[in-house]
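Remember, it's 1-based here, ligands and their atoms both numbered in the order they're listed.
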Amino acid sequence: MAIISNCNESIIKDAALALKQGHLVAFPTETVYGLGADATNEKAVARIYSVKGRPTGHPLIVHISSINKLEDWARNIPNYAINLAREFWPGPMTLILPRKEIAKDFITGGQDNVGLRVPDHPMTLALLRNFEKMGGQGIAAPSANRFGAVSPTIANAVEKGLGQYFETNDLILDGGPCPVGIESTIIDCTKKEPKILRPGFVTNELLRSFIPQKLSWEESECLITFPGGMKNHYAPNAHVKLDVEPQPGEGFVALSSITTPKGVIRISSPNNFFEYARTLYFSLTEADRLSLSTIVFRTPPQNGIGVAIYDRLQKAKTREVN
Ligand code: TXA
Ligand code: MG
C-alpha cells in the first residue's frame with residue numbers, strides 16, 4: 001500500500017486496473033476521501049467492511065461517472081430525481097433509488113434500493129471513466145475512515161486511520177484536501193416525495209428551488225439502516241461541547257470574527273461557514289492530535305450549510321456509546 005501523490009494519467013489507469021483486479025483504492029472526492037472497490041465484486045466489497053471495521057449490512061454508495069449510468073443501477077426513477085441529478089451531478093449529492101439487478105445485497109445491505117453519486121473531482125472522474133472503459137460498472141465507496149471515526153479530508157488521514165489494514169496492492173490516491181469537507185447530501189428518492197436523510201453541501205434551500213414536491217428532513221422518520229444517520233458518529237476522543245464558554249486549556253473553533261478567550265487553544269478560525277465545513281473534520285482530528293480533553297465549537301445558525309455542520313457536530317458530541 002502506498003500514497004501516490006502525482007497522479008498522472010498512467011497512475012489513474014493503474015489504479016482503475018487495481019480496482020478491476022479486486023484491490024482497494026482510496027481516492028479523493030469533493031466531499032471526503034472514499035475507500036473504493038469494484039461495486040460488483042463481492043470479495044472486494046467485503047474487504048471494505050473489514051478495513052473499515054464496519055458492521056455488514058450497512059449499505060454503500062455506488063459512484064458512477066455520469067448521469068448516463070444512472071439507469072444501469074436504478075429503476076422507477078421519479079422525475080424529480082432526474083431533475084436533481086441533472087442539476088447537481090457531478091456534485092456532493094447521493095440519490096437513493098429502487099435498485100436494478102446489478103446492485104446486489106452486498107451493496108445495498110439487502111434493501112431494495114441503492115445509493116448513487118457522481119462525484120465532482122477530476123481525478124476520481126478520470127478513475128471512474130478508466131474503470132468503466134475496462135468493463136467496470138461502478139465504484140462502491142464509503143468514507144475512508146474506521147467505522148464511527150472522523151471522515152478523512154486529506155490523504156494522510158486515510159493512511160493514518162486505515163493504513164495498517166491495507167494490503168500490498170491497495171492504493172491511496174492523493175488529490176489534496178477535499179474542497180467541501182463534509183459528506184454528500186443524501187436524498188431518499190424511493191417515494192413520491194423526496195426526503196433528506198443526511199444534510200450536506202447541497203442544502204435544503206437549494207433543493208427546494210429545484211423540486212416542487214414537499215421536502216422533508218426528519219431523522220426520526222428515517223426507517224432505512226443508516227450509519228451516517230446514527231446518533232454517534234464522527235466522534236473524536238476529545239469531548240465535543242457546543243456553544244459553551246471555553247475554559248483555559250480547551251480547544252476552540254469559531255468564525256474568525258470571534259475572539260479567543262484567554263488561555264484557550266484556538267484550533268481554527270474559518271472566515272465563513274463553507275470554510276467552517278471544509279475544516280470541520282480537520283479541527284476534530286487536531287483536537288486529538290493535541291491530546292485535548294475538550295474542544296468547544298461555536299455553532300452556525302441552522303440554515304444553509306449550517307444545518308449539515310450542526311448535524312455532524314451533534315454526532316461528534318455523542319460519543320458515549322462509541
Ligand atoms: O460524500 C460522500 O457521500 C462520501 C464520498 C466518499 O462519496 N461517502 C460516504 O459514504 O459518506 P458512507 O458510507 O461513509 O456514508 C454513506 C451513508 C451511509 O450512512 C449509508 O448507510 C448510507 O449512506 N446509504 C448508502 N446506501 C444507502 C441506501 N441504499 N439506503 C440508505 N442509506 C444508504
Ligand atoms: Mg462515513
- Residues in salt bridge (Lys or Arg N to Asp or Glu O under 4.0 Å) contact with Arg146, at least two apart in sequence or another chain: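 Salt bridge (Lys or Arg N to Asp or Glu O under 4.0 Å) check on Arg146 returns nothing, list empty.
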- Message: Under a 3.5 Å cutoff, is there a donor and acceptor pairing between the side chains of Ser65 and Arg129?
- Response: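 Absent: no donor and acceptor within the cut-off.
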- Query: So, Ser151 and the Mg ion (ligand 2): N/O/S under 2.8 Å, yes or no?
  - Reply: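 For Ser151, the answer is no, given that no N, O or S atom comes within less than 2.8 Å of the Mg ion (ligand 2).
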Have a look at ligand 1 and work out which part of [X], if any, has a heavy atom under 4.0 Å from it: side chain, backbone, both or neither.
| X | value |
| --- | --- |
| Asn113 | both |
| Leu60 | backbone |
| Glu183 | both |

Heavy-atom contact under 4.0 Å between [X] and ligand 1?
| X | value |
| --- | --- |
| Thr108 | no |
| Arg99 | no |
| Arg117 | yes |

For ligand 1 and [X], I'd like to know whether there is a polar contact (N/O to N/O, distance under 3.5 Å).
| X | result |
| --- | --- |
| Ser184 | yes |
| Arg198 | yes |
| Thr29 | no |

Determine, using the 4.5 Å side-chain heavy-atom cutoff (strictly less than), whether [X] and [Y] are members of one ILVMFWY cluster.
| X | Y | answer |
| --- | --- | --- |
| Phe88 | Ile64 | yes |
| Trp89 | Leu84 | yes |
| Val158 | Tyr165 | yes |

Interfacing atoms of ligand 1 (cut-off 4.0 Å, heavy-atom, [X]):
| X | result |
| --- | --- |
| Arg54 | 13 (O), 18 (C), 20 (C), 21 (O) |
| His63 | 5 (C), 6 (C), 7 (O) |
| Val114 | 29 (N) |
| Ser143 | 8 (N), 9 (C), 10 (O), 12 (P), 14 (O) |

- Query: How many angstroms lie between atom OG1 of Thr108 and atom NE2 of His58, to the nearest 0.5 angstrom?
  - Reply: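 Going from the OG1 atom of Thr108 to the NE2 atom of His58 covers 13.5 Å.
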- Query: Can you check whether Phe274 and Phe201 have ring centres sitting under 6.0 Å from each other?
  - Reply: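 Yes; Phe201 has its ring centre under 6.0 Å from that of Phe274.
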- Among residues two or more places apart or on two chains, list those pairs meeting salt bridge (Lys or Arg N to Asp or Glu O under 4.0 Å) that have a residue in residues 29-39.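 Qualifying pairs: Glu30-Arg117.
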- Message: Heavy atoms only: which of Thr31, Asp188, Ile186 lies closest to atom 17 (C) of ligand 1?
- Response: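 Comparing heavy atoms across Thr31, Asp188, Ile186, the nearest one to atom 17 (C) of ligand 1 lies in Ile186.
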- In a check of side chain to side chain contact (heavy atoms under 4.5 Å, CB included) between Lys241 and each of Leu313, Ile295, Val296, which one passes?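 Exactly one option meets the side chain to side chain contact (heavy atoms under 4.5 Å, CB included) with Lys241, and it is Val296.
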- Message: Do Gln314 and Asp311 make a side-chain contact, defined as non-hydrogen atoms from C-beta onward lying under 4.5 Å apart?
- Response: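 Side-chain contact under 4.5 Å: no.
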